[in-house]
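The structure appears below as structure tokens.
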Amino acid sequence: MAALAPTKPAISGHSQLLPLRTPSISLVFSPVRSRLRSITVSARLAEISPVEKRSGLPDLEITSKKAKPTVLVSEKLGEGGLELLRQFSNVDCAYNLSPEELCAKISLCDALIVRSGTKVTREVFEAAKGRLKVVGRAGVGIDNVDLQAATEHGCLVVNAPTANTIAAAEHGIALLTAMARNVAQADASMKSGKWQRNKYVGVSLVGKTLAVMGFGKVGSEVARRAKGLGMHVIAHDPYAPADRARAIGVELVSFEEAISTSDFISLHMPLTPTTSKIFDDETFGKMKKGVRIVNVARGGVIDEDALVRALDVGAVAQAALDVFTVEPPPSDSRLVQHENVIVTPHLGASTIEAQEGVAIEIAEAVVGALKGELAATAVNAPMVPAEVLFELSPYVVLAEKLGRLAVQLVAGVSGIKGIKIVYASARDPDDLDTRILRAMIVKGIVQPISSLFVNIVNADYTAKQRGLRISEERVFHDGSPEVPIDSIQVHLTNVESKFASAISDSGDIRVEGKVKDGVPHLTLVGGFSVNVSLEGNLILCRQVDQPGMIGRVGNILAEQNVNINFMSVCRTVVRQQAIMAIGVDEEPEKETLKKIGEVPAIDEFVFLTL
Ligand SMILES: NC(=O)c1ccc[n+]([C@@H]2O[C@H](COP(=O)([O-])OP(=O)(O)OC[C@H]3O[C@@H](n4cnc5c(N)ncnc54)[C@H](O)[C@@H]3O)[C@@H](O)[C@H]2O)c1
Ligand SMILES: O=C(O)[C@H](O)COP(=O)(O)O
């Protein structure tokens, strides 16, 4: 993997100036909403062209004062959700798109909202050409979204995991009872003019054992209801907390015990590589003869051909299915046509109430994500609690700026391979979540020197792809634990610097920053203490410590009408050496910087954009 080599060096000494425009970044804390709590990490983008906007985003924000985002809704969504979306964006409802039509449209969209019927494949993310910022799944299962491809493209995926739980559980119970009493078959028989009372004798549920496979939201609601029907309920879920099961009066058992001891089995696990076709010839062979199976989870957890075989020999007496490996299944599907099988066309979430709830839940999440908020239902981004984000928000800005500064100090020819981040904090290590800070440092380092759009979704992936090894260290700071972080140091290891003074004793490029009164400050460059707020642009000079230096540099800048917004001088040895940090509002012209470099007492200097 090629290591990063900066392609746009900032000016140093007499080298070429290549400006890196950066939007000013602000962090806004959104109030707690009814369901989702979020933080906005937003950039002020009004003055930035669309192309610059793409590369300058600190996170997921795409809003500017100029354009409304476009949200493509590819499957039917409740009116309440659409209304919410319309208040913030242009909403394009285009149902039944072919894969080709979806790919053709997607590069014009900032967000896509789907249900289970739209396959959001790698091709879709590629066709989006970087514009698609968020995919919202109006429901639970995200097996129709290529999460890896989404992450690689920096696209957030959010779902609506709670609003259809009850609907799915009720449908599971509906199928369970309808199956046990042959409701569907008897109904079809009567409608064809028959009266077959003996043929449709059912089985009772009371006292029978039901195994709930997957004791999550839907599974536990099914269990609760089945207990109300007088069933003995057991469950299998390797990840479910035992106390949750105990609270409902359900015993958690092994997979083998669940399938071999129950009269009814109800499936409620997600479709993953582990659960794919988990119910196959072998598992059907281990079940009690005449078992009855309900599936409102995902068709793919069952090997459908194996189920047909088990039904044919009576190993499985009946099945009630809402979901299928391929949806819709072929019209001549033996499984669908089997007389001991009842089917519904993926209706688990289809109640008026659930669809309104899901639509609002997903619309809130998508709008939030488009505003730059980190959604509570993010599927492929670190889940950082809102309180943590709020507390860390000034450090998020600092982290990105330190990354951005550090990379500009690298000499053009050298490649970056290692990043070491050192946090000084009075907090217990377990009490400080640094993932968002690490992501922002990576963003600060990678984004200015590549065409990549980096955000919290793909920062770690991007770093890995680029062969960047990131290590994080904690050092104890003897201060108040109320303050989460005293300082952040960013070290770039094994690189040369265009500003030799930025190299620390250990040979790394080192920059350190602190948050003072809520404002990020640069406090250390190499081995030199500085104290400048990180705003605008920065000139760092190493010079002979002698009178008149501030005035001379100040005059050169004033001649070109460049405004100095701060200045800090740190002497290392009195009358020998000093480091001067000058903050400037404007970007000085190449000629002006050249003049500064020609001041005889200046040993080296570098111009950096923040
Ligand atoms: N038919 C529908 O319309 C409909 C509606 C809602 C949900 N669903 C589907 O139902 C399933 C459950 O939804 P949920 O909201 O309860 O999700 P959930 O995440 O709350 O629950 C899933 C549970 O499955 C467990 N699990 C994971 N791997 C397992 C394994 N190998 N064996 C046993 N358990 C395992 C998890 O630990 C979790 O507790 C999902 O597949 C979802 O897509 C379908
Ligand atoms: O995973 C889900 O939420 C359900 O399967 C519902 O899917 P749907 O939105 O396509 O009805």
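Order of listing sets the numbers, starting from 1, for every ligand and every atom in it.
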Under a 3.5 Å cutoff, is there a donor and acceptor pairing between the side chains of Ser254 and Glu256?
no

Any idea which atoms of ligand 1 are less than 4.0 Å away from a heavy-atom of Gly141?
43 (O)

How far is atom 25 (C) of ligand 1 from the closest protein heavy atom, and which atom is that?
Asp237 OD2, 3.1 Å

Go through the side-chain N and O atoms of Thr344 and Asp322 and say whether any donor and acceptor fall under 3.5 Å apart.
yes

In ligand 1, which numbered atoms sit nearer than 4.0 Å to a non-hydrogen atom of His236?
32 (N), 33 (C), 34 (N)

Given Arg137, Arg115, Arg298, which has its nearest heavy atom closest to atom 11 (O) of ligand 2?
Arg115

Only heavy atoms of His346, strictly under 4.0 Å: list the atoms of ligand 1 that pass.
1 (N), 2 (C), 3 (O)

Run the numbers for me: atoms of ligand 1, each under 4.0 Å from some heavy atom of Ala168, listed by number.
5 (C), 6 (C)

Note: ligand 1 atoms sitting under 4.0 Å from heavy atoms of Gly214 are 24 (O), 33 (C), 34 (N)

Any Gly348 heavy atom less than 4.0 Å from ligand 2:
no

Among protein heavy atoms, which sits nearest to atom 6 (C) of ligand 2, and what does the distance come to when rounded to 0.1 Å?
Ala349 CB, 3.5 Å

Can an N or O of Ala297 be found at a distance shorter than 3.5 Å from an N or O of ligand 2?
no

Distance-only side-chain donor-acceptor flag, Asn159 / Glu361, under 3.5 Å
no

Among all protein non-hydrogen atoms, which one is nearest to atom 31 (N) of ligand 1, and what is the separation to 0.1 Å?
Thr275 CG2, 3.4 Å

Is the contact between Phe215 and ligand 1 made by the side chain, the backbone, both, or neither, using heavy atoms and a 4.0 Å cut-off?
backbone

of all protein heavy atoms, closest to atom 12 (C) of ligand 1 is His268 O, 3.3 Å

Can a donor-acceptor pair be found between the side chains of Thr165 and Glu221 at a distance below 3.5 Å?
no

Measuring from the heavy atoms of Thr274, does anything fall under 4.0 Å of ligand 1?
no

Min over Gln355, His346, Lys76, Glu75 of heavy-atom distance to atom 5 (O) of ligand 2 lands on His346

Candidate with minimal heavy-atom separation from atom 16 (O) of ligand 1, of Leu271, Val218, Val140:
Val218

Does one side chain, of Glu472 or Thr434, offer a donor that lies under 3.5 Å from an acceptor on the other?
yes

For Phe264, is the NZ or CZ atom of Lys208 found under 6.0 angstrom from the centre of its six-membered ring and inside 45 degrees of the ring axis?
no

What protein heavy atom is closest to atom 17 (O) of ligand 1, reported as residue, atom name and distance in Å?
Lys217 NZ, 3.8 Å

Flag the pair Gln318 / Asn182 as yes when at least one side-chain heavy-atom distance between them is below 4.5 Å, and no otherwise.
yes

Sub-4.0 Å atoms of ligand 1 with respect to non-hydrogen atoms of Asp322
1 (N), 2 (C), 3 (O)

Identity and distance of the protein heavy atom lying nearest atom 10 (O) of ligand 1
Ala297 CA, 3.7 Å

